[in-house]
2 protein chains.
Amino acid sequence: MSCSQEYTPQLRARGYRMTPQRHAILHVLSHSGKHLSPGEVYAKAQKQVEGLTEATVYRTLEFLAENGLARPSHIGSGHLVYEIANHEHHHLKCRNCGDEMEVEHSLLKTMYQKLESASGYQLTDSHVTFFGLCPDCQKSEDV
Amino acid sequence: MSCSQEYTPQLRARGYRMTPQRHAILHVLSHSGKHLSPGEVYAKAQKQVEGLTEATVYRTLEFLAENGLARPSHIGSGHLVYEIANHEHHHLKCRNCGDEMEVEHSLLKTMYQKLESASGYQLTDSHVTFFGLCPDCQKSEDV
DNA sequence: TTCCTTATTGCAAGTTTTTGCAATAACACA
DNA sequence: TGTGTTATTGCAAAAACTTGCAATAAGGAA
């Protein structure tokens, strides 16, 4: 729930500017605690900034993601959602009921290293969504 | 490069039908060898089927993905691409130059098991895209 | 081969996302 | 505190994607 004001120096240091629009969007993301679609962010942020446009929301979310302040993720089919970037984690989502849980990055660490040495790539992003069946839906599948 | 005719029984068995549209789209996917955006699939398949519409392409790709004949993946920012589902693999993409390579599923197998026992989930889908820096781009970063 | 059921398509209208460009407003510096 | 540079926004139009519905056609059964 950190106040978005703390992000200002981070942006300035890179030659970018803090604006009411960015402030509102960061505020929405950090106070929602979960991931939001661009449309949801727009709906909430619009109440704080007179005349905010959808185009700005899309551009800002992409901008924040590029600069490490927001984390984009692919939940479900084909659409990006965003959340505030405050801790490294991944998502695990149930294909059947849509239930979702977070996964600690530490669980993937060994695999990341294996992947790096096998490929020569240096893995920068640590956010991945895995799909499967949650325990409850596994039970009903058995029936 | 398998001919899409072999898919007919797979669809029939599930109560679905083979149509010229599906045939063309499967043909396009299996002969391209790489992943294609819906727009690219439409452009190619249109030449084979008179009057094919974009709506049909979107619906068909989603349908094929649901039935395991195509594999959707999130390459880059926010848009789905599709490829024929003939071998299990993942993608590794360079954030800097866009270069891309395939990763064998076997590399992730141990991690998948760890994830399953930690979460109770049963992982069904196995396609993930990882992002990082390719060897070449790592060198130029050092400069 | 013909008929019937219903999965699938095309159409057209809607929603979401992207883009170019001119106007605006952060903020570094004097 | 005022001024200039240029990052950022809003606007408007375009592109990409989705959806409901009536017409079509795949393919099982007679």
Side-chain angles (χ1 to χ4, degrees), chain A residues 4-5 7-28 35-67 69-70 72-82, chain B residues 4-5 7-28 35-67 69-70 72-82:
Chain A
S4 50
Q5 211 54 260
Y7 294 122
T8 306
Q10 293 191 53
L11 293 182
R12 296 259 178 88
R14 296 178 178 229
Y16 300 121
R17 300 169 182 174
M18 179 55 79
T19 66
Q21 292 85 350
R22 287 181 180 166
H23 184 88
I25 290 170
L26 282 165
H27 184 85
V28 165
H35 40 62
L36 300 172
S37 69
E40 291 167 331
V41 172
Y42 173 65
K44 289 171 190 276
Q46 194 189 21
K47 294 172 185 164
Q48 298 172 47
V49 181
E50 188 80 19
L52 178 67
T53 61
E54 279 156 305
T56 297
V57 172
Y58 281 100
R59 277 186 293 220
T60 300
L61 288 171
E62 196 181 339
F63 167 84
L64 294 175
E66 273 169 5
N67 289 280
L69 304 187
S73 51
H74 297 283
I75 293 294
S77 29
H79 288 271
L80 275 182
V81 294
Y82 293 85
Chain B
S4 50
Q5 211 54 259
Y7 295 121
T8 305
Q10 293 191 52
L11 293 181
R12 295 258 179 89
R14 296 177 178 230
Y16 300 122
R17 299 168 183 176
M18 179 54 81
T19 66
Q21 292 84 350
R22 287 179 180 168
H23 184 88
I25 289 170
L26 282 164
H27 184 85
V28 164
H35 41 63
L36 299 172
S37 69
E40 290 168 330
V41 172
Y42 172 66
K44 289 171 191 273
Q46 195 189 21
K47 294 173 186 165
Q48 297 173 47
V49 181
E50 189 79 22
L52 178 67
T53 62
E54 279 157 306
T56 297
V57 172
Y58 282 101
R59 277 187 293 220
T60 301
L61 289 171
E62 197 181 339
F63 166 84
L64 295 175
E66 272 168 7
N67 288 281
L69 304 187
S73 49
H74 296 282
I75 294 293
S77 26
H79 288 272
L80 276 181
V81 293
Y82 293 85

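Everything quoted here is computed from the prediction, not taken from an experiment. Proteins get letters first, then strands, A, B, ... in listed order; numbering begins at 1 in each.
Remark: P of dC17(D) and CG of Leu36(B) are 13 Å apart, rounded to the nearest angstrom. One atom, CD of Gln46(B), and another, P of dG10(C), lie 11 Å apart when rounded to the nearest Å. Atoms NE2 (His23(B)) and C1' (dT9(C)) sit 17 Å apart, rounded to a whole Å. At whole-Å resolution of the value, CD in Glu40(B) and P in dC17(D) are 11 Å apart. Protein atom CG of Leu61(A) is 15 Å distant from nucleotide atom C1' of dT8(D), rounded to whole Å. We find that CD of Glu54(A) is positioned 17 Å from P of dC17(D), with the value rounded to whole Å. Rounding to whole angstrom units, OH of residue Tyr58(B) and C1' of dT16(C) are separated by 11 Å. Between Phe63(B) atom CZ and dC17(D) atom P the separation is 21 Å, expressed in whole Å.
We find the NE2-OG1 distance between His23(A) and Thr60(A) to be 13.5 Å, quoted to the nearest 0.5 Å. How far CD1 of Ile25(A) is from NZ of Lys44(A): 13.5 Å, rounded to the nearest 0.5 Å.
Between Glu62(B) and Glu66(B) the shortest side-chain heavy-atom distance falls below 4.5 Å. Contact check for Asn67(B) versus Tyr16(B): side-chain heavy atoms found under the 4.5 Å cut-off. Side-chain atoms of Leu11(A) and Leu69(A), non-hydrogen and from C-beta on, do get closer than 4.5 Å to each other.
For dC11(D), neither phosphate oxygen OP1 nor OP2 lies less than 4.0 angstrom from any side-chain nitrogen or oxygen of Thr53(A). Here His79(B) reaches the OP1 or OP2 of dC17(D): one of its side-chain N or O atoms lies under 4.0 Å away. Close to dG10(D), at under 4.0 Å from its OP1 or OP2, lies a side-chain N or O of Gln21(A).
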Checklist entry - Can you give one letter per nucleotide of nucleotides 19-30 of chain C, 5' to 3': B if a protein heavy atom sits under 4.0 Å from the base, S if only from the sugar-phosphate, - if neither? => result BB----BBSS--
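Gly78(B) comes within 4.0 angstrom of nothing in the nucleic acid, heavy atoms only.
Considering only the side chain of Leu52(B), dG10(C) comes nearest among dG10(C), dT8(D), dT9(C).
A cation-pi arrangement is absent between Arg22(A) and Tyr7(A) under the rule of less than 6.0 angstrom and at most 45 degrees off the ring axis.
With DNA chain C read from its 5' end, the first of the two nearest nucleotides for Gly15(B) and Thr56(B) is the one closest to Gly15(B).
Here the shortest heavy-atom pairing between Val57(A) and Pro38(A) reads CG1-O, 3.7 Å.
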